Amino acid sequence: MSENRPSPSRIAVVVEAPQHSGLWGALDYLCEQPLAPGTLVRVPLGRRVVTGVVWQAGADSAAGEVAEQDLKAVIEVFDGLPPLPDAWRQLVKFASAYYQRSLGEMALMVLPPELRQLDALQWGRRLKRLNKAVTDAPSVPDEAALPVLTEQQAQALGQLASAGAQAGDKPFLLWGSTGSGKTEVYLRQAQRALDEGRQVLMMVPEINLTPQLEARVAERFAGRRIVSLHSGLTPAQRLRNWLMAHYGHADLILGTRLSVFTPLPRLGLIVVDEEHDPSYKQQDGARYSARDLAVYRARLEKVPVILGSATPSLESWYNALPEAEGGAGRYVRLAMPARVGDGDMPRVRVLDLSRAPKPMRGQEPPPVARELLAAITQRIEQGEQSLVLLNRRGYAPVLHCSDCGWKSGCPHCSAWRVFHKVDRTLRCHHCGFTERVPRACPDCGNTDIHPVGRGTERLEEQLAEALPGARIGRIDADVTKHKGALEERLADVHAGEVDVLVGTQMVAKGHDFRRITLVAAVNPDSALFASDFRAAERQFALLLQAAGRAGRDADVAGHSEMWVQTYHPTHPLYQALSRYDYADFAAQQLKEREMAGLPPYASLAMLRAEAKTQEAAVAFLNAAIEAVAHLAEALGGITLYPPVPTPVQRVANVERAQLMIESPLRPALQRFLSQSQAVWLELAQKNRRSGLIRWAVDVDPLSI
Ligand code: ADP
Ligand code: ZN
Ligand code: ZN
């Protein structure tokens, strides 16, 4: 080695490596100049060149045995990109450990996809363009235009202001009725953060809700730099917005769950709106909960976090319940029970279907009972709108041959294919397999095959028949597939061009309809008896949120109604709903959960396996239990349940099974899972030829 050249230094770099590679931590590389942790680099990996993140200066102690002459050198450095901050690396590290994914997978997954694909040259060009784009200076909004706060808003903001130094240690749960003005609270708190020169991260559960929030935020903070981050952006937009945030140029970042990982050098506030929404949990790959990570991040970066909802998740509710009331007392609860302008929530009418006239033999009951139809008719006559909620899209969930009993099953899944009348197809909602509807029964040739049950498409058709002359609209995933279609349909509703809107849960969320005075849930019972322990919680949230779409204008709030058609009118869920008593509903649920040893009283993880046969999936899971039984025993307090097929057992010809792992103590479960990973990894490698396709751990699973 020559005297005047500095010796290359060792650095540890994380790269994206699939979980089954067994590579969990960082790899060592050599580089000429020392690089700060968080620097983005291109490094050789096998025969490829990949993007990596410098994790630490100096060798990774775990990988330290590699001799220097065997190490490869860093190929390129992303100059001009500030290193990802320490807080970012800590968040990624925590998420990787907590959700049982490799560090590299986690770190690279949360970067904008485009960034991972650029080389240093392309990066340099991109950087030049970006620097040109950011020059405008923020202006200060006009104070006079702000609405006068309601008493409850003022009180909530008072408590938020007094959080001071413990900000982050005590998350806030803003429990406010729909229409209580939660957004105004977010905006005022955001103003405080902006005034201090900080950045604000506001999260919403769905892309569909970002334009609405963006408009409100843009109106309030004219002149501020606002960027959005969600999967609906083009790769270039997403990179640009992410960079604006990372450089500290953007003041407000609005995004879906993936935005929780945005590096923000001046972070001052995190808001998680509709914190109970299942969309905050990623459902494949690294199955993280953005809500939970937001709470972790707030503590890490010592900034306040507000979780907002009218129907908080039971986990958050329990955390915000004072210890004296049997809760954990970890969060501060801010209650805003009243709607702005004191408009009441719509009156709930529970319609007992068991007392409705029985349909004739072989006929299906009408979609809406007589009384409900009359109520809708009346609204139309008054020039008001109704929303009819049915959480099932398509025309009918199944086609049936009454001669031989044939049903429209999916050949690749253990599920029925849904009949879509618009294009006369049978579509599997699990694997996507689509075929034209057969003219006759494929089994017996009978031409009389008919739909059974009802989806939104059919409901729309039936309501049009039952309400001649009425303008019926529909909003669900089928009619809003194309870009702009949702906005168009919503605009029609807002413009009063629709009398009755049929929709799935998609319309229940967030939208500020001003002329809807009647909301009806026509088939909400299925959730009452679902095997998933969270079904009731989700249904309550959905119904309450749907009710919140009615009477948003104080002028019409007085005579607004929420109808529930049910065969179980005395069910406690509907009883609590009638009184809008979330606290009572939560208390019922918590009692059940406590007795059953379910979250929030216990922590769960699911070990899932997919294989060519159900036997292979179950065999792997059984072997997995056996291989770690001693670990579970040594740790104590870990229960491993026997493997069972997943609710939809076969999807796209892949058989699926799962086993539940439960512990009353989260740390014990965490320790168990991290010790088990290596064992399972090895086991899976041995099982490669047995038909096992993949396996994964889902920590804090949303559905079981
Ligand atoms: P939430 O998010 O709790 O459902 P919103 O923030 O959407 O409620 O508020 C409902 C409506 O009330 C919105 O149209 C909003 O502009 C309005 N609003 C909120 N706070 C006030 C206030 N203090 N004075 C007047 N109108 C308000
Ligand atoms: Zn038949
Ligand atoms: Zn299928």
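These figures come from a predicted structure and were not determined experimentally. Any value given below was found using the heavy atoms of this structure, including those in side chains, with hydrogens, waters and symmetry copies removed. Every number for a ligand or one of its atoms is a count from 1 in the order of the listing.
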*Asks:* First locate atom CG of L321, then atom OH of Y331, and finally report the distance between them rounded to the nearest 0.5 Å.
*Replies:*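 Nearest 0.5 Å value for the CG-OH distance: 13.0 Å.
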*Asks:* Report yes or no: does H412 have an N/O/S atom closer than 2.8 Å to the Zn ion (ligand 3)?
*Replies:*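 No N, O or S atom of H412 is closer than 2.8 Å to the Zn ion (ligand 3), so no.
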*Asks:* Specify whether the nearest protein heavy atom to atom 11 (C) of ligand 1 is under 4.0 angstrom away.
*Replies:*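 No, there is no protein heavy atom closer to it than 4.0 Å.
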*Asks:* Using 2.8 Å as a strict upper limit, say whether an N, O or S atom of C410 approaches the Zn ion (ligand 3) that closely.
*Replies:*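 Yes, within the cut-off.
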*Asks:* For atom 8 (O) of ligand 1, find the nearest protein heavy atom and state the residue, atom name and distance (0.1 Å precision).
*Replies:*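 It is G181 N, 3.1 Å.
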*Asks:* Among protein heavy atoms, which lies nearest atom 2 (O) of ligand 1, and at what distance?
*Replies:*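 Protein heavy atom at minimum distance: T183 OG1, 3.1 Å.
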*Asks:* Work out the angle at the Zn ion (ligand 2) between SG of C441 and SG of C404, rounded to 10°.
*Replies:*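 Value, to the nearest 10 degrees: 110°.
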*Asks:* Can you tell me which portion of V148 lies within the under-4.0 Å heavy-atom range of ligand 1? Options are side chain, backbone, both, or neither.
*Replies:*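 The backbone, only.
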*Asks:* Angle between ring planes, H400 versus H450, binned at 30° and 60°: parallel, tilted or perpendicular?
*Replies:*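 H400 vs H450 ring planes: perpendicular.
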*Asks:* Considering only non-hydrogen protein atoms, determine which one is nearest to atom 27 (C) of ligand 1 and report residue, atom name and distance to 0.1 Å.
*Replies:*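 Ranking protein heavy atoms by distance from atom 27 (C) of ligand 1, first comes V340 CG1, 3.4 Å.
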*Asks:* Tell me the angle that SG of C401 and SG of C444 form around the Zn ion (ligand 2), rounded to 10°.
*Replies:*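 Taking the Zn ion (ligand 2) as the apex, the two atoms subtend 110°.
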*Asks:* Hey, are the side chains of V340 and E184 touching, using non-hydrogen atoms and a 4.5 Å cut-off?
*Replies:*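 No, side chains not in contact.
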*Asks:* Quick test: of every protein heavy atom, which one is nearest to atom 4 (O) of ligand 1, and how far off is it to 0.1 Å?
*Replies:*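 Minimum-distance protein heavy atom for atom 4 (O) of ligand 1 reads G179 N, 2.7 Å.
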*Asks:* Check each atom of ligand 1 against the heavy atoms of S177 and keep those under 4.0 Å away; list them by number with element.
*Replies:*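 Listed by number with element, the hits are 3 (O).
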*Asks:* Is the contact between L149 and ligand 1 made by the side chain, the backbone, both, or neither, using heavy atoms and a 4.0 Å cut-off?
*Replies:*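 For L149, the contact with ligand 1 is made by the backbone alone.
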*Asks:* Which ligand 1 atoms does T178 reach within 4.0 Å, using its non-hydrogen atoms?
*Replies:*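 What qualifies from ligand 1 is 4 (O).
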*Asks:* Relative to each other, are the rings of H412 and F433 parallel, tilted or perpendicular (30° and 60° limits)?
*Replies:*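 It falls in the perpendicular class, over 60°.
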*Asks:* When you compare the side chains of S526 and R392, does any donor N or O come within less than 3.5 Å of an acceptor on the partner?
*Replies:*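 Checked: S526/R392 side chains show no N/O donor-acceptor pair below 3.5 Å.
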*Asks:* Ignoring hydrogens and angles, state whether a donor on the side chain of Q189 or R192 is under 3.5 Å from an acceptor on the partner side chain.
*Replies:*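 Yes - a donor-acceptor pair under 3.5 Å links their side chains.
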*Asks:* Run through T504, D478, T456 and flag the one making a side-chain hydrogen bond (donor to acceptor under 3.5 Å, both in side chains) with R393.
*Replies:*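 Only one option passes, and that is D478.
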*Asks:* Hey, is Q153 touching ligand 1 through its side chain, its backbone, both or neither, going by heavy atoms under 4.0 Å?
*Replies:*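 The answer is the side chain.
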*Asks:* Would a 4.5 Å heavy-atom cut-off, applied to side chains only, mark D492 and L501 as touching?
*Replies:*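 Sidechains of L501 and D492: no contact.
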*Asks:* Using 30° and 60° as the class boundaries, would you call the ring planes of Y582 and F540 parallel, tilted or perpendicular?
*Replies:*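 It falls in the tilted class, 30° to 60°.
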*Asks:* Decide whether S313 and S316 meet the rule of one side-chain donor and one side-chain acceptor closer than 3.5 Å.
*Replies:*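 Side chains of S313 and S316: pair found under 3.5 Å.
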*Asks:* Under 4.0 Å from any heavy atom of T150, which atoms of ligand 1 are there?
*Replies:*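 This gives 23 (N) as the contact atoms.
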*Asks:* Looking at atom 14 (O) of ligand 1, what's its closest protein heavy atom, distance included?
*Replies:*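 Scanning the protein heavy atoms, the shortest distance from atom 14 (O) of ligand 1 goes to D512 OD2, 3.7 Å.
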*Asks:* Should we say atom CD of E151 is surrounded by more than 12 heavy atoms from elsewhere, each under 6.0 Å from it?
*Replies:*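 Not buried by this count: 12 neighbours or fewer within 6.0 Å.
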*Asks:* I'd like to know whether Q191 forms a side chain to side chain donor-acceptor pair (under 3.5 Å) with R188, so could you lay out the CA-CA distance, the side-chain angles of the two residues, the decisive distance to 0.1 Å, and finally the verdict.
*Replies:* CA-CA 5 Å; Q191 180 70 65; R188 296 289 176 113; over 6 Å; no
*Asks:* May I ask you to identify the nearest protein heavy atom to atom 16 (O) of ligand 1, giving residue, atom name and distance to one decimal place in Å?
*Replies:*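 Going by distance alone, atom 16 (O) of ligand 1 is nearest to R216 NH2, 3.7 Å.
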*Asks:* Does H429 put an N, O or S atom under 2.8 Å from the Zn ion (ligand 3)?
*Replies:*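 Here the distance criterion (N, O or S atom, under 2.8 Å) is not met by H429, so no.
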*Asks:* For ligand 1, does P147 get within less than 4.0 Å through its side chain, its backbone, both, or neither, judged by non-hydrogen atoms?
*Replies:*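 Contact part for P147 vs ligand 1: side chain (C-beta onward).
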